[in-house]
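Reading through the structure tokens given below for one structure.
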Amino acid sequence: MEKRMKIKPSTLLIFLAAAIFVIVIPNTNEGYSMMIVNLGLIYAIATYGVSVMLGMGGQLSFATVSFMGVGAYITANLCSGRNGINMNTALALVIALLASALLAFGAGLILFRLKGTYFTFATIGLVQVSWSFYLSYKPLFGGPDGISNISTLNLFGFSPKNYNDWFYILAAFVLVIAFLVERVRRSQLGRSLAAIRDNEIAAQTLGINVYMTKVVAFTIAGVLAAVAGSLYAMHSQFVSSDMFTYERATTYIIMAMLGGVNNTAGIFVGSVLVTMLPEWLRFMQQYLQLIYGIGVILLMVFMPMGLAGLASGFAKSLKRKLYSKKKVTAGKEGPKQ
Amino acid sequence: MKPILRLDKVCKRFGGVVAADDVTFSVLPGEVHGLIGPNGAGKSTLMNLISGIYTPDSGKIFLDEQDISDVPSHMRARMGIGRTFQTPRFLQRSSIEDNLLLGTDLANQFGYLKSYFGKKGSDFEKELKELMKFVDFTFDWEDDISALAYGQRKQLEIVRSMLSHPKVMLVDEPAAGLNNKEIDDVMALLNYAAKERGIGILLIEHSMDMIMNICEDIVVLSFGKVIGTGCPAEVSSNEAVIEAYLGRDVNA
Amino acid sequence: MNINTIVSLSVNGIAMGMIYALMAMGLILLIRAIGVMNFAQGDLLMFGAFVTCALTVDLKLPLWIMIPLALISFAVIGVIFMFTVYWPLKDATYPTATVISTMGAAMALKEIATLIWGSLPRSMPPLMKNPKTGKAAVLNLFGIKLQWQFVLTIIVGAVLIWLVFVLFEKLYAGRMMQAAAQDKYAAELLGIPTILTTAATYIIVVIMVSTGGYMIAPIFMVSNTLGSLQLRAFAGVVIGGLGNIKGAIIGSLIIGLVESFSTIQFSQYKDAVVFIVLIAMLLVRPQGLFGEKVADKA
Ligand SMILES: Nc1ncnc2c1ncn2[C@@H]1O[C@H](COP(=O)(O)OP(=O)(O)OP(=O)(O)O)[C@@H](O)[C@H]1O
Ligand SMILES: [Mg+2]
């Protein structure tokens, strides 16, 4: 039995592409276009949560925006000088993270008493509730005007002066989170989620606590969304409720599906692409949403596993041509079927 | 010897159908215990009751003399009840490796945090190699499970269950859909599991060949009722059993 | 709060509940036929409102021509929707793909409506006008003043729901359609072409939903945001118990009433109240009002 290769060529390729991205983008963009790229990076963080829930666990949740709101508004309240508080932003990020973990865990315990489509509907309910409050409750969420004057991130004395500085910080965040999420996929949690996605009964008989495992995934997704929300608040220095609507929630799901819902590199590509697309297609602004909608249908018809699915299919056929298969050979030799 | 698995007056009905009617029997460690009966007799239902997917209407189930009737299904798996399904249940969209690692995960019982931080448990590759000696096919680690033929999947499901180090293994119709060579391999694997690993095996099978060959003890079920028990020779000369099977032939 | 307010709030609530019920019932028929949620349900309603608005306001057609024309357009929309959004995905290995594709359809519908009819909300005259003032007619019931449009919405909704209910639960054709939906393989063996039964389901669903759009068009403005009403229909489906038509109708009416009465106290948080009720309800009865707990078959 052969050992598998530790580093695969595809992994190297991904790192190479990431390095080029990090070097080229900030040297060719600034100001507004850099800001758009940065937003793509922030959305990617939230979309990693979708990947954990939907890609690994097969649970369709809209709650991303609710928890993004938790992160964004906690940061906004702690770092904008309203209510007289002006806290260190890094500390606010940590507080947002912890608070969202608690909230998401609690919400997960409640929502996962429901299964499948019921669960999905309940998350839509959660989005409507949270959005109503974000929109209307002034003391905490600023009402329709939102909250402005939020301080920018200050990471151990380093504070981004412009969007290009922000880019490096966000790229680092995305890289670390992508790494952590990829590890989830390769650990027992990832496998358990896959088991739940494909067959809950088989999962139970393999000793998996289906309910708690879903709750853990929901918590992870909530925390990632909140981190994205918190970074969004510091990056834009402004938050308002229209970031946290049901329509926005579908966008995160589409980002994940475009890139490849169960693929770490794909999630990143999907998020950045969906964010950039409106900018690139500006000349046909009028038809943009239409193209987008039709594009989503076509995507689902022709490549439901997203760009990553396309790439891996291509890689597999390439590999088949290049090498004969690495196989696990059993002790017995015999005719192969 | 103390039984590893014991059912005591277990009953289960679905609407008007009585799928288990006062079922009592026990399985010893290291034995292959046959569970036979005509289609719809309630055999699979019994396995679902034992593994906790259904809850019995009345009666008790004991694992190692501990009452597990109220223990949830995943906890029963962790306590040592392994099983395979009549139609194999794998993760359709995961690699073969991930599918098999689920068995090892169950053996390790680390919890998600320990596993996340890379704690090493039982030696997956060595153990798998040991078990793969009994089956006769090769595969690519990274292939999806769909790359395997039906018969291969059924065999791999037993392998996965054994990777989880169960005390009792419930095996539902392993020979259905397999060719003769594969059936021999499965019998060798089950024999190894019972004799070398001391696992108590409850085996549902329609192939009388297989049952008569490897079972020490047999329970016969018909309409949810136990209508005969004993060694293969006793069962095959039992009037009630012959009748149940003849009746089935007449209906078929 | 006097009896007057209570009655008129109830009528408003039940009228809106009927609209949600039309969508909810359509959702369930689709779930039964194709097994997935339709996230474009609200935008189909929006589209129906625009189509009828165009026929009535732009073309100034009298009712007796407008109605058959509208029904034909709805049927055509239903067939197009089925062949673009569902049919190519019917064998998808990834069930979520079908759901996401309806989300794409929702966006596309919204945008097509905007491209054709512009982004400004349009107003639609009520079905019954006061001949003197030209404003919406008011029904005076023992001194309680009710908007005729709400009353008509309740009547039209109830009749439509009853018709579809009879078709699916009582008549042979409807039962056959459901049987075909439940067991595609057996249906094909029996010579029931699934393509026809599925298309018929889509046509019926779009007609129901679009008619809902027509009825509320005079109440709200006709705009591309009408689609968000579908979220209330989802709530109705869940409260009633997934897959249960009676439950979905009652659930939708409850949602309509809760929404209507919550405007007294917290009109800003209307949405929040509706969905808090939904979540609370699910906690008490996760299977919904009329849903049964079904064990997974192992
Ligand atoms: N979840 C369920 N709901 C309703 N009835 C069920 C359920 N599970 C099993 N049954 C019924 O219980 C009876 C026993 O079924 P079971 O699957 O246990 O039979 P079996 O002995 O395994 O048959 P086979 O040899 O065909 O696998 C059958 O009549 C079946 O229809
Ligand atoms: Mg069976």
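By convention in this document, chain letters (A, B, ...) are assigned in the order of the sequence lines, proteins followed by strands, and residues within each chain are numbered from 1. As the structure is a prediction and not an experimental result, all values here were calculated from the model. Excluded from the calculations below are hydrogen atoms, water molecules and symmetry mates; all remaining heavy atoms, backbone and side chain alike, are included.
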Just give me the residue among A:Ile196, A:Leu206, A:Val184, A:Thr213 that pairs up with chain B most often, heavy atom to heavy atom, under 4.5 Å.
A:Leu206

Among B:Leu189, B:Asp184, B:Asn191, whose side chain to side chain contact (heavy atoms under 4.5 Å, CB included) with B:Phe134 holds?
B:Leu189

Does the pair A:Phe119 and A:Phe62 meet the rule for a ring-ring contact (aromatic ring centres under 6.0 Å, His included), with working shown?
CA-CA 10 Å; A:Phe119 164 77; A:Phe62 284 82; 9.8 Å; no

Residue part contacting chain A, namely of B:Arg76, when any heavy atom lies under 4.5 Å
neither

Non-hydrogen atoms of chain B under 4.5 Å away: do they reach the side chain of A:Asn209, the backbone, both or neither?
both

Using non-hydrogen atoms and a 4.5 Å limit, figure out which bit of A:Leu180 sits close to chain B: side chain, backbone, both or neither.
both

Bottom line for B:Ser73: the part with an atom under 4.5 Å from chain A's heavy atoms is both

Does the side chain of B:Ser51 come under 3.5 Å of the side chain of B:Arg83 through a donor N or O and an acceptor N or O?
yes

Measure centre to centre between the rings of A:Phe67 and A:Phe218, then say whether the value is under 6.0 Å.
yes

Test side chain to side chain donor-acceptor pair (under 3.5 Å) applied to A:Ser230 - qualifying residues, sequence neighbours left out
A:Thr75

